[in-house]
Structure formats: C-alpha cells, structure tokens
Protein chains: 2
Amino acid sequence: MAYLKNHAYDIDTEELARFAKAMGHPARISILRFLSSLDSCFFGDICQELPIAKATVSQHLTELKNAGLIRGEIEPPKVRYCIDRENWDKANEAFRQFFANIQPKDICCDPQN
Amino acid sequence: MAYLKNHAYDIDTEELARFAKAMGHPARISILRFLSSLDSCFFGDICQELPIAKATVSQHLTELKNAGLIRGEIEPPKVRYCIDRENWDKANEAFRQFFANIQPKDICCDPQN
DNA sequence: TTTGTTGTTCGCAAAATTACGAATAAATTT
DNA sequence: AAATTTATTCGTAATTTTGCGAACAACAAA
C-alpha cells in the first residue's frame with residue numbers, strides 16, 4: 001500500500017530496501033548467482049537452471065531488471081542477459097555499509113553475546 | 001506459492017533470499033538501522049521512529065524475528081528489542097560472499113563497462 | 001510461404017504482503 | 001477493584017507476488 005506522505009523513509013533506506021526486495025526470492029538469487037558466475041548468457045540458459053516455468057523466469061528477470069541489477073539485450077531470436085555492474089557495485093556498497101554500522105559487540109543487550 | 005519439490009534451491013540460496021526478503025521493506029530497514037545504532041530499545045521507541053501504525057510495526061518486528069535478525073524479550077509491561085548478533089553476522093557474511101563472487105570486470109558482456 | 005525457435009505477454013488463480021482500527025492480554029498503578 | 005500503560009492479536013481490506021499454460025511476436029530456416 002502506498003503511503004500518503006511521499007518521503008516517509010529516506011532515499012538510502014528506500015534504495016537498500018529495493019535491492020533487498022529484488023533479492024528476496026530464491027529463484028532471483030539463483031539467477032543472480034548464475035549471471036555473476038559468467039560474463040553473460042541467454043534466457044534459455046537461465047531457464048534451464050531453474051525449476052520453474054519460463055513465463056515465471058521471465059517475470060523474475062523483469063523484476064531484476066527493474067531493480068537495476070541485470071540488463072538484457074535482444075540478439076534475435078535470443079535475449080542476452082548480464083549483471084549490471086554499476087548497480088551491482090552500488091548494491092554491494094549499500095549492504096556493506098548497512099551491516100558495518102552496527103554498534104560494537106560489547107555494549108549490545110543480547111544476553112547470548 | 002509453495003513448490004512441489006522440496007529442495008528446489010540450495011540451502012545457501014534459500015537462506016540469503018530469506019534475509020533479503022526480511023530486508024525488503026523500508027520500514028524494516030529503518031527498524032534494523034535504528035536497532036543497530038544502539039544497544040537495545042523498547043517497542044514504543046521503534047514505533048515513534050516510523051510513520052505507520054503500531055499494529056503494523058508489530059507485524060514488521062515479527063517478520064524480522066522470524067528471519068532471525070532481531071530478538072525481543074518481555075520486560076513487563078514493555079518489550080525490549082535488539083539485533084540478533086549471531087544471525088546479523090551470518091547475514092553480513094552471506095551478502096558479502098554473494099557480491100564477492102562476481103566475475104572480474106574485464107570479461108563481462110556489458111558494453112558500458 | 002510455411003515452419004520452427006525463442007522469449008515475452010496475457011489471463012487467470014492462489015497466496016502473501018501491507019496496512020489500519022478495534023479488541024485483547026498482561027502487568028503496574030491508583 | 002478499577003484504571004492505566006504497553007504491545008500483540010484479530011478482523012478486514014486492498015494490493016502485490018508467484019506461478020502456470022496458452023497465446024503472441026519476432027526473427028530464422030526450410
């Protein structure tokens with residue numbers, strides 16, 4: 001549901017959430033792992049790696065494209081996909097910073113620490 | 001929708017996707033940022049930070065708990081929340097490895113590189 | 001021109017997500 | 001005992017997500 005106020009969360013938070021959301025499904029993690037393990041490949045190659053129908057794979061690819069994590073270019077009659085380097089690095093940095101910002105361990109409340 | 005086959009994706013992929021999914025909403029990123037900036041705090045403190053109703057905050061906290069990223073313990077009549085260090089580190093490492101596994105830049109297909 | 005290959009889009013259904021106010025539960029305070 | 005504080009749960013609604021098969025579009029090959 002869309003918020004009435006527009007900038008309810010700050011830009012960095014929204015961006016990190018968008019990257020995380022795009023990665024929030026095992027099929028999409030699989031696609032990203034596969035694509036990041038090679039230079040590029042065709043839709044059909046990705047399809048073979050996954051236990052789901054091609055229509056569904058296509059949907060997941062669209063979501064990853066919308067999040068900026070991958071690119072696709074038509075090479076008739078095929079479509080070549082690859083990681084979008086620029087945004088991949090951006091996402092990497094966003095996650096890195098996010099996790100790095102935690103308080104030092106010795107002053108955390110958690111009784112198990 | 002649940003898959004018919006059980007182990008359709010490997011464990012690491014499922015785990016990373018679960019962490020990512022939990023982080024896939026700006027309210028939950030905000031909660032995690034807030035909690036990781038201090039040792040611990042009460043539900044009410046978190047609520048004040050967010051532009052949504054307390055019932056919704058409670059739901060988001062439950063999701064973060066289910067993903068293992070936070071903990072909550074009752075201190076009547078309040079509830080104290082904090083980051084789950086163990087799983088936080090696990091998630092950090094999972095994301096770090098995920099992004100690190102990409103092929104070197106010079107052999108990627110992307111024409112913009 | 002017909003046929004085949006490749007991948008997206010359409011139409012649909014089931015389930016999950018996000019959100020809220022009201023009701024509830026649990027404990028303390030008055 | 002009644003009232004207050006704190007946070008969760010319930011009930012409900014709107015939207016999004018996930019998934020599939022069938023239909024479609026675009027191009028190549030026969």
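Keep in mind the model is a prediction, meaning the values are calculated, not measured. Each chain gets a letter, A, B and so on, in the order the sequences are listed, and its residues count up from 1.
The salt bridge (charged side-chain N to carboxylate O under 4.0 Å, His left out) test applied to A:Lys90 returns A:Glu15, not counting sequence neighbours. Residues passing the ring pair (Phe, Tyr, Trp, His ring centres under 6.0 Å) test with A:Phe99, sequence neighbours excluded: B:Trp88, B:Phe95. Taking the side-chain hydrogen bond (donor to acceptor under 3.5 Å, both in side chains) definition, one finds that B:Thr13 meets it with A:Arg33, B:Asp10, sequence neighbours left out. In this view, A:Phe43 satisfies the ring pair (Phe, Tyr, Trp, His ring centres under 6.0 Å) rule with no residue, not counting sequence neighbours. Listed by chain and number, the residues in a ring pair (Phe, Tyr, Trp, His ring centres under 6.0 Å) with A:Phe19 amount to none (sequence neighbours excluded).
Between C:dA16 and B:Lys21, no contact under 4.0 Å exists linking OP1 or OP2 to a side-chain N or O. An OP1 or OP2 oxygen of C:dT18 is reached within less than 4.0 angstrom by a side-chain nitrogen or oxygen of B:Arg28.
Residue pairs meeting the salt bridge (Lys or Arg N to Asp or Glu O under 4.0 Å) criterion with at least one member in residues 40-65 of chain B, sequence neighbours excluded, are B:Arg28-B:Glu63. Within the structure, salt bridge (Lys or Arg N to Asp or Glu O under 4.0 Å) contacts touching residues 91-101 of chain B (residues at least two apart or in different chains) are B:Glu93-B:Arg96.
In this structure, the CG atom of B:Leu64 is 12 Å from the P atom of D:dT8, given to the nearest Å. Rounded to an integer number of Å, the gap from CG of B:Asn66 to C1' of D:dT9 is 14 Å. Distance CE (A:Met23) to P (D:dT18): 14 Å, rounded to an integer number of Å. Across the protein-nucleic acid pair, B:Glu63 atom CD and C:dA16 atom P stand 12 Å apart, rounded to whole Å. The distance between atom NE2 of A:His25 and atom C1' of C:dA16, rounded to the nearest whole Å, is 11 Å. The distance between atom NE2 of B:His60 and atom P of D:dT9, rounded to the nearest whole Å, is 15 Å. Atom P of nucleotide D:dT8 and atom CZ of B:Phe42 are separated by 12 Å, given to the nearest angstrom. The interatomic distance linking A:Ile74 (CD1) with C:dT6 (C1') rounds to 11 Å, in whole Å.
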Taking only nitrogen or oxygen atoms into account, show me every contact under 3.5 Å that the protein makes with nucleotides 26-30 of chain C, one pair per line with its distance.
none

Show the distances under 3.5 angstrom between N or O atoms of the protein and N or O atoms of nucleotides 8-11 of chain C.
residue : atom : partner : partner atom : Å
C:dT8   : OP1  : A:Tyr81 : OH           : 2.3
C:dT8   : OP2  : A:Ser58 : OG           : 2.8
C:dT8   : O5'  : A:Ser58 : OG           : 3.3

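In this structure, the nucleotide among C:dC20, C:dT18, C:dT6 sitting nearest to the side chain of B:Ile52 is C:dC20.
For the pair A:Leu64/A:Tyr81, no side-chain contact is recorded, criterion being any heavy-atom separation below 4.5 Å from C-beta on. Residues B:Phe98 and A:Asn92 have side chains not in contact (no heavy-atom distance under 4.5 Å, counting atoms from C-beta outward).
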